Q: 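The structure's right below; bear with me while I get my questions together.
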Amino acid sequence: MAARMAAFDWSASLLGPVRTWPQSLRTAVGICLSSRYPMVIWWGPHLVLLYNDAWVPILGPEKHPALGRPGIDVSPEIWHIIGRQLYSVLQTGEATFSENQLLPAMRFGYLEEAYFTYSYSAIRDESGAVGGVFTAVSETTQRVLSERRLRLLRGLGESTALAATRAGANMASVCAAALQTLADDRADIPFAVVYAWEPGEPAGRLVAAMGVSERPVLEGPGASPGSAWWDAVRRGAGMVLKPLPAEWGRGVQPGANSVGDAPPTTAVILPVQVGGQDEPAAVLVAGVTPYRNLDDDFRGFFDLVAAQISRAVSDAESYQTQRRRAEALAELDRAKSEFFANVSHEFRTPLTLIAGPAQDGLDDGGEPLGPAQRQRMEVIRRNAGRLGRLVDDMLDFARIEAGKRQPEREPVDLAVATHELCASFAPAVERAGLVLRTDIQPLPGPMAVDAGMWEKVVLNLLSNAVKYTLAGHIEVGLRENYGVVTFSVRDTGIGIPSQELPRVFERFHRIRGRAARSHEGAGIGLALVAELVRLHDGSVTVESEEGVGSTFTVRLPYRASDFGVPAAPRVDRNTAYVDEALQWSPPDTAPAGAQAVPAHDASVLVVEDNPDMRAFISELLTPYWRVLQAPDGREGLALARKHRPDLVLTDVMMPHLDGFGLLAELRGDPRTASMPVVFLSARADVEAAVGGLAAGADDYLPKPFSTVELLARVRSNLEMARFRNRESEFRRALVDSMQEGFFLTDGDGTIVESNHSLFELTGFDPAGVPYPWPQPWVPARDSDPQGWSINESAFAQCRRDGGGYFTLPFRHRDGHTVWVACSAAMVTDPHSSQRLFVGTLRDVTAERLTSQRDAVLSGFAAALAGDRWTTTLLTHAAEQLRTVFNATGVVAAQWTGNVADPMVISLPAPAPDHLLAVVETARHQPAAAVISRTTDRDTVLLAAPLDATGAAAIGMELHVAEHALAENQHLFGSLTSHLAQALVGAREYEQTRAVALTLQHAILGPTQLPHGFAVRYTPAVEPLEVGGDWYDVIGLDDDRIGVVVGDCVGRGLPAAAVMGQLRSAAQALLLRTSAPGQALTALDSFAQRVPAAVCTTVFCAVIDVANSTVCYSSAGHPPPIAVAADGSERFLDQAQSLPLAATKTARPRREGRITLAPGTTLLAYTDGLIERRRESLTDGVKRAAEALKNERHRHPDQLADYLMKELAPPAGYDDDVAVLLYRHPPPALHVELPALTASLAPMRAQLRDWLTGAAVDPETAVDIILAVGEAASNAVEHAGHRASHPVDLAMTARITGVGLRLVVADNGCWRPPAAEPGYRGHGISLMKALVDTVDIKATDHGTTVDLLKELHA
Amino acid sequence: MTESQFEISAAATDKHQPTVTAIGEIDLANVSEFQDLLAKAAASAPAITVDLSGVSYCDSAAVRALFSVAAITEMTLVVANRGPIKTLLGISGLDRVVKVKASDR
């Protein structure tokens, strides 16, 4: 694109040729072109388009190229949206941001529903106005569509699941519900119709429809699809109907898609397949929105919709089947119960015949059984006994109910009998870890009761107490009081909920879900107690508090026995109660679940609290499958989670966690949700069967069951599970084939399912599933708090809002950071109603890095934007690089001219040698490069040249991991190439500035001034060094100095240009005329010709140093001030006239003249020095005069500084200021002495004093005194000694326009130096070394030595 | 210009050269006295020291005197760091003939 832009003929475009573009546009274009992120620039009032390669796909192939064209011409279809936004940015300069904005695009020949996220930001030109708009765009169509479709599918899943489980659900009702959901958002599917076929019918029957306003259209002749469709969908997955019959399109209700209401032209026909059937049950005809191309994704979405409907229809049918099956089971059970009741008593005989021989076998001392046989026999005896007891209880009950059973009263010592019963039960209590306390008081005498019944009362209550007391004690009490016998059993058990208390003594009533030692029992024990007590004219009550315990109290009227002694108690008859109670608390056996697991194909977990039953079932299954055993639901759940058995066979009633609880836990955990569960229970009633199936059990097997039936059920359920697993394997394969990472988490954020892409993305092991939150790829809170908090808040938002779209940093296993775009949504598990989260992950590290790099680059460019000097530019760049890369050192170097030592900028300073060497290396390299890399702490040296001539380079040292090196190098390259460009600009600026300064200094007044002068100059406008004011000091001849101070109208560069001309002119004129009045008159004529020179004020003077006079003329200039050494002041205001060229005709200027006393200070200035707001100029002049007078003794240079500081307004000078000071020297010194050696010292002393008074600096004074001393010595030595007459020595010293003039004269005869070899030559050479000119004139009448020392202020 | 302007301190030991010390101004009026003293000192020892650090003015006549003595003896001059003497030594080239030490003063 850069090449295309370069080749483009811009001069013909609205933007004009590139060289005329403003810098801001060029910079923006530079950023745009170098970015891999889609970017556009809209420039100027026509919003002319400039864009990069990445933007071409967004523009669309049909429109490209559109460089240099106005925006409205390129995108007319969306101009009503973006045009307004763009002009708003142009006008207000405020950026806009649009997220997922619908911008219908005309890219592929049809109007397409497309979404974009973009920002418009203003580009300011050099004047600060908005020149154009900068745009970074990303297309979000896929994301928006995916989310919308996912949402629709989720809704579909929920609504059809609900419809399928409703009573009377059928295909029609499910399809109606599904289509109603589809109607919620018709953007993708504007209409949908379901037709069903009866076999042999020629046309389909309309089942459900949505989005079509006229049903007759669908049912009319020819509209209904014929057998051709049917045949098509029967064979395959579906077909595309294109073109759609026009009458269908017309019938579609408007408002389906926000883009418009064009009728759909395509529909998809898909089969609605019911599980297990070959032929489809129906077809779904779904319209395709005309605003999206039917691509693979879209096609897949239709497939998913059809699959969802198919599944719901299948579910509805299978629910109905289950319901019918449960009803049949209930019927069967009723018949079974009746049968059992009828034949129960027939059991007694065979049971007795089983239990009797078994007991005999156990007791047989003559032929004792071996241990294994004994164990089997024990099982037989124990269970025969238990069954016998149950049969007895039931028969008792039946007889009592029928009124056939009456107590057989006999005299019983109730206290003794009760005590014996308690004692017999004590072992069971003990094994249960409980304490049995008895408080049995003797009764007044034997009592007439049915001993067998009493035994049942006591044992039932004790058994009940042991069963429901997990810890603590059982208290048994018996006493007689006022004719009432009270028997109580108090336990510290789990208690009975208050709402259950009234039903405790009801037959077959059992309280579910209670923690107990066993859930065995028929629920008739307490009912039997109540009946038996009632037969003895007594009552039984219960008091209970949940979690504290229960007290059962039996009250009987004391009835003394009339006859005989009580019979001996029979304790052996009912060992069944104790045996059973003992079974609840097995002795120190190994935990049931710890058995070794044989390696078989499939495994079955048997959860059963009855140890005999558990062992029995396990033995049955072991030959075929691996068997795991657990004694209750809690341990069963632990084993199921750990070993993932293929099937769970569980009892319903169990302590700790019953079968229903276990089922709920298994279904609630996604890892075990699909595990088949088969219920086993003795309660063959309808309620339990339906309840089990409703709760999600896969099958239900009532006890008793035959061995064959058990094996058959287990086998069939395993096979069904395997079949189902095939489906899930298929799904697994589908998920794994996804390019994007996929995950499924439970409500706590634990990842329970995921695909390979996710693990490729993170580098972790797929076998590690489940990964609980926070997953190992979530950055640690300590080491990366920012990364952690991004992940944590996304997780929190997901749980709060049920999903969302996030960009998250992950820490790959190898340590580098991976950025992912994560889309997550909440789903509800139809089985368990548990919240789950499903989501996808896409690696966006590269995209993110690109946009980050662009951001860094713009930040870098912005940080350097204000720097115009190479030094500050490089310093700022070094600071930026150090920050951006967290570099340990940055060195920049510039080589100017042939100097070997570069100008070096180093952070931190001083520059280490190795970085200097790196920069030196990079200097002549073509591009940024890695100079060296060490594995020690990943130290890397990067460097880049900053221009093509090797005159500048920059380098840095940083620590960066291997995998991030390329990225860092790339970024470094981008930044340094931008820096190189900026450096070129800065150099140009510096050169321009140097030229400007040279020119400015050229037009400013002289900096080398004659002795006695001091000047100060301050321009009003920075950074200019000149303004409209000027001063000038011109040496006219030895004694005369021209002085000019002027002030042009205005300030800044225009005034300076005028000033330069006037200054030169005034100087030339003064040099020619040496007369201020004439010079100003001529300057008038000159000023007439220079625009903007009019009304310049000028003071012009000629100072005659020798004569101590000043001749001056003023063109409207404020009067200079002269202050004498004694403090008297005068103003040079005698020659005031109009400013330059104030009148058309030049008139001769007047001249004034004053005489200067020695030490007088003259101050000439421009009005900037004295002007103050709200103050007259006169007051300003007076203030200046006062300051001058007070400090008149200072050296002129110090005095100038003082005045500038003292007279400055508080906020500083706001106008140009020129100040010129002149100190008039003392009069000439003239000393005449006899030419004797004794005269030398006094002469030197006088000269020394005079020099001090003339403000000659001490160093110069030393030289002068030496030189004069030599001259005088020579005169005394040579002239004085040889002359025949008395010789006089004369010395004169005076200040002239050029310096100090010294003349030493004698009237003797001075020998010329050439004839005087040796040391004597020293005198003259000494003088020549000390002063600027030495002129010796020797005549017969005497010798004159003329010395000149130039003096400069 | 009194007698006290110039004086000689005799060598106290072998290591101490005789030193001629001058103060004030030296010009034609007193240069011969200065020269005599220098000659006297030079005659007494192979090397002498001339301390001029207290001299505020001297001219080429004094330089001539120093040159003439420096031709017959080894001479070390002690002068102030700044001032006319230092200037004079530089211009005349005397500092290339004798040793010059900066004064402690």
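Note on naming: letters A, B, ... go to the chains in the order of the sequence lines (proteins, then strands), and numbering restarts at 1 for each one. Here the structure is a predicted model, which is why all the values come from computation and not from measurement. We use all heavy atoms of the structure for the numbers below, so side chains are in, but hydrogens, waters and symmetry mates are not.
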Q: Rounded to the nearest 0.5 Å, what separates atom OG in Ser60(B) from atom CE in Met1327(A)?
A: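 So the OG of Ser60(B) and the CE of Met1327(A) are separated by 8.0 Å.
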
Q: At their closest point, which heavy atom of Glu1270(A) faces which heavy atom of Tyr57(B), and how far apart are they?
A: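 Minimum heavy-atom separation between Glu1270(A) and Tyr57(B): N-OH, 4.2 Å.
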
Q: Could you tell me which non-hydrogen atom of Asp59(B) sits nearest to which non-hydrogen atom of Ser1273(A), and how far apart they are?
A: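 Distance-wise, the nearest heavy atoms are OD2-OG, 2.9 Å.
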
Q: Measure the spacing between NZ of Lys1328(A) and CD1 of Ile91(B) and express it to the nearest 0.5 Å.
A: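 Nearest 0.5 Å value for the NZ-CD1 distance: 13.5 Å.
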
Q: Which of these passes side-chain contact (heavy atoms from CB on, under 4.5 Å) with Pro84(B): Leu1330(A), Ile1265(A), Val1262(A)?
A: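 Of the listed options, the one satisfying the test is Val1262(A).
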
Q: Checking Glu25(B) against Leu1240(A) for the side-chain contact (heavy atoms from CB on, under 4.5 Å) test, could you report, in this order, the C-alpha distance in whole Å, the side-chain angles of both residues, the deciding distance, and whether it holds?
A: CA-CA 10 Å; Glu25(B) 299 188 334; Leu1240(A) 293 173; over 6 Å; no

Q: With rounding to the nearest 0.5 Å, note down the distance linking CE in Met1243(A) to CG in Asp27(B).
A: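 These two atoms lie 9.5 Å from each other.
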
